[in-house]
Amino acid sequence: MSLQIQSGVSLKPFNTFGVDVRARLFAEAHSDADVREALAYAAEHKVELLVIGGGSNLLLTRDIDALVLRMASRGVRITHEDCGMAVVEAEAGEPWHPFVQDMLAQGLSGLENLSLIPGTVGAAPMQNIGAYGVELKDVFHSLIALDRQTGELREFTLPECAFGYRDSIFKQQPGRWLILRVRFRLSFSATLHLDYGPVRQRLQEQGVTEPTPIHVSRAICAIRSEKLPDPVTLGNAGSFFKNPLVSAELAARIRESHPGLVAYPQADGQVKLAAGWLIEQAGWKGFREGDAGVHQLQALVLVNYGAASGRDLLNLAQRIQADIHERFGVSLEMEPNLY
Ligand code: FAD
Ligand code: NAP
C-alpha cells in the first residue's frame, strides 16, 4: 500500500480561494498505481472520488463528502523529435508554470503566452486554458486518460478532446476521465503571438526589438503580476466568469447605450464581450461584503479577503450574474468548477 489516505483534512491549502472546507478523505497520487489504488478504495468503500490539481479553478461551497485525490505525479520527457518540432510528455501533477519555464529553457516554444497560469498540467486540458491569444489546443498533441467507468486507459487526439472556449470533452463529462499525462507539440523555431492586449507594447517599453519566446514570457509575467492578485496573498480563482458570446444584435443594442463596450467579433458572427468590462460598468469593481469581494484592479476576479466561505463567494457571484442580466440582458457563466 503506497497511497496514504487521511481523514477530515482541511482543503484550505489546496484551493487558491483559500476556502476552509474539509474533505472526508484525502490522498495524493504520485503514480498511476496510486490512482488505481484510490479508485479501488473509493469503489470498495462506496465513496465518491474528486480529483484535483492545484485547486486554482475550484469553488468549494461545502465540506466534501468524498475521497479527494490530489494529483502529484511528476515527470517530463521528450518522446519524439522531428523537423524542428518536439513532442513533450508531462505527468498530470507537474505544476504548470515551472513546466512552461522548463520548456523555454530547453529552447522549446509554444507555451510562452500561457506563462504564470497557476495549476497543473493534468488540469490544463479540462478548460483548454487560454491567455493572450493562445489556447492549450494550439500546442496540444494528445493525452492519456483513465476511464473511471471501465478502468481502461484511453489516448485522446486533438479532435477527440472537443476543445472549445474554456471547454473540452473532459469538462462536459465531469468525473469520467482522469487525465494522467499530456503531450504537447512544441517548436525549436518560434512563431510568436504578440497581437493580443498589451504584449507588443510592453516589449517595446522594455526596449526589446527582436523578441524571443523567453522575452514574451517575461513580458506576460510582468503584465499579469501587475493586474492579477497573487493567490498566496489574496485568495482567488482567476477569472470568475467566462467572457460571454452574444449575438451581433445584442452587442449593437448594448453599444447604443454604452458606446465604450469592449467587444470582439468572432468568425461565426457572434461577438465576445469582455465580462470584466460589463461588471465594472455595473459598479461592482472593488465591491466588498464581509470577506468576499470583487478585485480592485480586475472586476472579473472575485477575491477572498480571508474568512469568506464558498457560499459567500457563490452568493456574490449570483448577485453579479442577476445584475448583469438585468442591465445588459447578458448571461454570465461561472468559470470555476463548483463543488
Ligand atoms: P483544479 O482547480 O485543481 O481543478 C480544476 C478542475 O479540473 C476540477 O474540476 C478538477 O476535478 C479537474 N481536474 C484537475 N486535475 C485533473 C486531472 N488530472 N484529471 C481529470 N480532472 C482533473 N485559466 C486560464 O484558462 N487562463 C488563465 O490565464 C488563467 N489565469 C489564472 C490566474 C489566476 C491568478 C488563477 C488563480 C487562476 C487562473 N486560471 C486561468 C484558472 C486555473 O489556473 C486553470 O484553469 C488551471 O488549469 C487549473 O488547474 P488546477 O490544477 O489548479 O485545477
Ligand atoms: P484584458 O487584456 O484586459 O482583456 C479583457 C478581455 O478581452 C479578455 O478577457 C480577452 O478575452 C478579451 N480580449 C483582449 N484582447 C483581445 C483580442 N485581441 N482579441 C480577442 N479578445 C481579446 O484581459 P486580462 O483579464 O488582463 O487577461 C489577459 C489574458 O489572460 C486573457 O486572455 C485572459 O483570458 C487570460 N486570463 C484568464 C484568467 C482565467 O482565470 N481564465 C485569469 C487571468 C487572465 P479572452 O479571455 O477570451 O482572452
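The chain is numbered in sequence order, starting from 1. Counting starts at 1 for both ligands and their atoms, in listed order.
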Heavy-atom contacts with [X] under 4.0 Å: which atoms of ligand 1 show up? List them by number with element.
| X | value |
| --- | --- |
| G119 | 49 (O), 50 (P), 51 (O), 52 (O) |
| A237 | 35 (C), 36 (C), 37 (C) |
| M71 | 18 (N) |
| L58 | 2 (O), 4 (O), 8 (C) |
| T120 | 49 (O), 50 (P), 51 (O) |
| G55 | 1 (P), 2 (O), 3 (O), 50 (P), 52 (O) |

For [X], look at atom [atom1] and say whether over 12 heavy atoms of other residues, nucleotides or ligands are found less than 6.0 Å away.
| X | atom1 | value |
| --- | --- | --- |
| K12 | NZ | no |
| E326 | CD | no |
| R218 | CZ | no |
| E205 | CD | yes |
| R185 | CZ | no |

For [atom], what is the nearest protein heavy atom, given as residue, atom name and distance?
| atom | result |
| --- | --- |
| atom 2 (O) of ligand 1 | N57 N, 2.7 Å |
| atom 7 (O) of ligand 1 | M126 CG, 3.3 Å |
| atom 47 (O) of ligand 2 | K272 NZ, 2.6 Å |
| atom 27 (O) of ligand 2 | Y132 OH, 4.3 Å |
| atom 18 (N) of ligand 1 | I179 O, 3.0 Å |
| atom 41 (N) of ligand 2 | E335 OE2, 2.8 Å |
| atom 48 (C) of ligand 1 | S56 OG, 3.3 Å |
| atom 13 (N) of ligand 1 | V51 O, 3.9 Å |
| atom 50 (P) of ligand 1 | G54 N, 3.4 Å |
| atom 9 (O) of ligand 2 | N243 ND2, 2.8 Å |
| atom 36 (C) of ligand 1 | G238 N, 3.3 Å |
| atom 28 (O) of ligand 1 | R224 NH1, 3.0 Å |

Taking non-hydrogen atoms only, is [X] closer than 4.0 angstrom to ligand 1 via side chain, backbone, both or neither?
| X | result |
| --- | --- |
| I117 | side chain |
| N236 | both |
| N337 | side chain |

Under 3.5 Å, is there a donor-acceptor pair linking the side chains of [X] and [Y]?
| X | Y | answer |
| --- | --- | --- |
| E94 | T120 | no |
| S309 | D312 | yes |
| S10 | D20 | yes |
| Q127 | E335 | yes |
| D323 | W284 | yes |
| Y196 | N113 | no |
| S217 | S115 | yes |

Open item on the list: If we check side-chain contact (heavy atoms from CB on, under 4.5 Å) with V134, which of these qualifies: I220, I129, L114?
Closed with: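 Single side-chain contact (heavy atoms from CB on, under 4.5 Å) partner of V134 among I220, I129, L114: L114.
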
Task: Atom indices of ligand 2, in the order listed, that fall short of 4.0 Å to a heavy atom of G238 - done: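 Those qualifying, in numeric order: 40 (O).
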
Open item on the list: Show the atoms of ligand 2 that are less than 4.0 angstrom away from any heavy atom in A131.
Closed with: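 Those of ligand 2 that fall under 4.0 Å from A131 are 30 (O), 32 (O), 35 (C).
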
Identity of the nearest option to [atom], non-hydrogen atoms only, from [options]:
| atom | options | result |
| --- | --- | --- |
| atom 34 (O) of ligand 2 | K242, R166, Q298, Q266 | R166 |
| atom 26 (N) of ligand 1 | G130, P174, A131 | G130 |
| atom 20 (C) of ligand 1 | F17, W177, F240, Y132 | W177 |
| atom 11 (O) of ligand 2 | Y196, F241, Y264 | Y196 |
| atom 42 (C) of ligand 2 | A274, P336, S239, P198 | S239 |
| atom 46 (C) of ligand 1 | G53, P95, A123, P118 | P118 |

- [ ] Taking side-chain hydrogen bond (donor to acceptor under 3.5 Å, both in side chains) as the test, write out the residues that go with E112, two or more places apart.
- [x]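 Once residues adjacent in sequence are excluded, E112 has no partner under the side-chain hydrogen bond (donor to acceptor under 3.5 Å, both in side chains) criterion.
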
Are any of the N/O atoms in [X] less than 3.5 Å from those in ligand 1?
| X | result |
| --- | --- |
| L178 | no |
| Q127 | yes |
| P231 | no |
| L228 | no |

- [ ] Could you tell me how the ring of H258 sits relative to the ring of W277: parallel (under 30°), tilted (30 to 60°) or perpendicular (over 60°)?
- [x]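 Geometry flag for W277 against H258: perpendicular rings.
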
Open item on the list: Between ligand 2 and K227, is the shortest N or O to N or O distance under 3.5 Å?
Closed with: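 There is such a contact, yes.
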
Task: Flag: protein heavy atom within less than 4.0 Å of atom 4 (O) of ligand 2 - done: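 No, there is no protein heavy atom closer to it than 4.0 Å.
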
Task: N15 side, atom CG; L60 side, atom CG - distance, nearest 0.5 Å - done: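 Spacing of CG (N15) from CG (L60) equals 4.5 Å.
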
For residues [X] and [Y], report the shortest heavy-atom separation together with the two atoms involved.
| X | Y | result |
| --- | --- | --- |
| L297 | E226 | CD1-O, 3.6 Å |
| F184 | A90 | CE1-CB, 4.4 Å |
| G310 | V19 | N-CG1, 3.7 Å |

- [ ] May I ask whether Y339 places a heavy atom under 4.0 Å from ligand 1?
- [x]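 Flag set, Y339 near ligand 1.
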
- [ ] Kindly indicate whether a cation-pi arrangement holds for R62 with Y339, taking the cut-offs as under 6.0 Å to the six-membered ring centre and within 45° of the axis.
- [x]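 The answer is no; the distance or angle limit is not met.
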
- [ ] Check if Y165 has a non-hydrogen atom at a distance under 4.0 Å from any atom of ligand 2.
- [x]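 Contact check Y165 vs ligand 2: positive.
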
Open item on the list: Do F287 and H295 make a side-chain contact, defined as non-hydrogen atoms from C-beta onward lying under 4.5 Å apart?
Closed with: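 With C-beta onward as the side chain, the pair stays apart.
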
TODO: With heavy atoms only and a cut-off of under 4.0 Å, state how L228 meets ligand 2: side chain, backbone, both or neither.
DONE: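 Side chain only; the backbone of L228 stays clear of ligand 2.
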
